[in-house]
Amino acid sequence: MITQTEMSQQTTQQEEKLADELQLISLLKEHGDILQRHPELLAELEVPHQTSGAVSLIERQVTVLRDQLKAGEKHLRDLMEIARLNDRLAQSRHRIAINLLGAHDLIDVTSVVLDELKNELKAEFSDIKLFTDNSDLSEKHPGLFVTRGAEELAQFSIMLKQKNPVCGRSSAEQNTFLFGENASEIGSAAIIPLVAGADLGLLGLGSSERDRFHASMGTEFLTQIGELVSAALAIHLEK
């Protein structure tokens with residue numbers, strides 16, 4: 001049985017050990033370059049390791065640095081991928097702008113845009129719906145024009161008011177309006193309001209993949225494309 005005297009001695013020893021450790025920690029903080037001035041200590045020091053007992057401090061440092069290097073390399077790869085994507089989108093935007101300058105009519109405009117975006121954004125389905133007050137146009141081009149007061153447009157009122165592209169899961173009614181007989185195949189969509197002074201129409205991009213277009217994705221490229229297309233459409237609609 002441990003006597004009170006022995007317990008008192010153990011407590012005193014623990015307190016002395018703690019005091020020594022605190023003093024050592026204080027000295028290390030004051031002399032942070034001690035391992036540089038005495039590198040031989042690295043071979044003597046040991047730190048806990050998660051997998052195999054204890055390793056020397058220098059081995060532990062190498063492991064930490066290796067992990068940091070891997071994390072840095074991954075971050076660099078991510079940045080390079082973003083840079084490549086931005087460059088590709090910039091080239092696509094440039095091609096669309098050049099081709100729109102050479103467009104002869106509304107059909108040319110829609111073809112240029114839909115072909116490029118289907119390829120660049122990997123959208124299996126795409127279409128443009130233009131608004132008109134001219135019943136002759138809606139009858140002549142039923143797949144392209146829709147009467148401005150059509151009931152189906154009410155479901156797009158918020159995005160037309162905000163004038164910003166919307167990505168994600170569109171409703172069955174919206175898909176039917178934009179993609180017709182392909183509506184049931186749409187897993188996700190991007191809808192771009194076409195505005196140039198007035199609401200000109202809607203550009204819809206659809207994919208069978210549920211996560212191809214999602215609410216958190218960036219829409220700067222889509223916004224710029226919408227502005228280019230709207231400007232080109234406004235020119236030809238005035239003719």
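No continuous path of hydrophobic side-chain contacts links L130 to V146 [ILVMFWY only; heavy atoms under 4.5 Å]. Note: the hydrophobic cluster containing L200 does not contain L153 (ILVMFWY, side chain heavy atoms under 4.5 Å, direct or indirect links). In the hydrophobic clustering of ILVMFWY residues, with side-chain heavy atoms under 4.5 Å counting as a link, I128 and L100 come out together. Under the 4.5 Å side-chain heavy-atom criterion for Ile, Leu, Val, Met, Phe, Trp and Tyr, I107 and L194 are members of the same hydrophobic cluster. V113 and I191 fall into different hydrophobic clusters, where Ile, Leu, Val, Met, Phe, Trp and Tyr side chains are chained together by heavy-atom contacts under 4.5 Å.
Once rounded to the nearest 0.5 Å, the distance linking CG of L205 with CZ of F125 reads 12.0 Å. Atoms OG and CG, on S126 and L114 in that order, are 4.0 Å from each other to the nearest 0.5 Å. Here T110 contributes atom OG1 and D105 contributes atom CG; the two are 8.0 Å apart, rounded to the nearest 0.5 Å. The CG atom of D127 sits 10.5 Å away from the CG atom of L202 when rounded to the nearest 0.5 Å. If you take OG1 on T219 and CD1 on I225, they are separated by 12.5 Å, rounding to the nearest 0.5 Å. In this structure, CG on L222 lies 11.5 Å from CD on E227, to the nearest 0.5 angstrom.
Using a distance-only test at 3.5 Å, with no hydrogens or angles considered, no donor-acceptor pair links the side chain of D199 to the main chain of V195. Q174 contributes a side-chain N or O that, together with a main-chain N or O of S171, makes up a donor-acceptor pair within less than 3.5 Å. Distance alone, capped at 3.5 Å, places no donor-acceptor pair between the K122 side chain and the L117 backbone. Between the side chain of R210 and the backbone N or O of I186 there is no donor-acceptor pair closer than 3.5 Å. T147 places no side-chain N or O within donor-acceptor distance of the main-chain N or O of G149, the cut-off being under 3.5 Å.
Within the structure, ring-ring contact (aromatic ring centres under 6.0 Å, His included) pairs that include any residue of residues 196-228 do not occur (at least two apart or interchain). Listed by first then second residue, pairs satisfying salt bridge (Lys or Arg N to Asp or Glu O under 4.0 Å) with a partner in residues 179-197 number zero, not counting sequence neighbours. Under the salt bridge (Lys or Arg N to Asp or Glu O under 4.0 Å) criterion, the residue pairs touching residues 151-178 are R169-D211, with sequence neighbours excluded. Residues in residues 149-183 take part in these ring-ring contact (aromatic ring centres under 6.0 Å, His included) pairs, two or more places apart or across chains: F156-F177.
For the residue pair A196 and A234, the shortest heavy atom distance occurs at CB-CB, 4.0 Å. Closest approach of R93 and Q224 over heavy atoms only: NH1-OE1, 2.8 Å. Of all heavy-atom pairs spanning G226 and I192, the tightest one is CA-CG2, 3.8 Å. For E209 against S188, the heavy-atom pair with the smallest separation is O-OG, 2.6 Å.
Between K129 and L144, every side-chain heavy-atom pair lies at or beyond the 4.5 Å cut-off.
A salt bridge is absent between E73 and K70; no separation between the charged side-chain nitrogens and carboxylate oxygens falls under 4.0 Å. Here E120 pairs with R95 in a salt bridge; the nearest charged N to carboxylate O distance falls below 4.0 Å.
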Practice task
Test side-chain contact (heavy atoms from CB on, under 4.5 Å) on M159 and N164 and set out the steps.
Solution key: CA-CA 6 Å; M159 66 180 69; N164 294 320; over 6 Å; no
Exercise for the section: Kindly determine whether R212 and M217 satisfy side-chain contact (heavy atoms from CB on, under 4.5 Å), including the steps that lead there. Expected result: CA-CA 9 Å; R212 176 64 193 88; M217 70 186 300; 4.3 Å; yes
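More than 12 heavy atoms of other residues, nucleotides or ligands shown are found within 6.0 angstrom of CG on L22.
Counting side-chain heavy-atom gaps under 4.5 Å among Ile, Leu, Val, Met, Phe, Trp and Tyr, the cluster of L76 also holds M80.
For the side-chain hydrogen bond (donor to acceptor under 3.5 Å, both in side chains) test, residues two or more places apart in sequence or in another chain that qualify with N175 are S170.
Side chains of E116 and S92: a donor on one and an acceptor on the other come within 3.5 Å.
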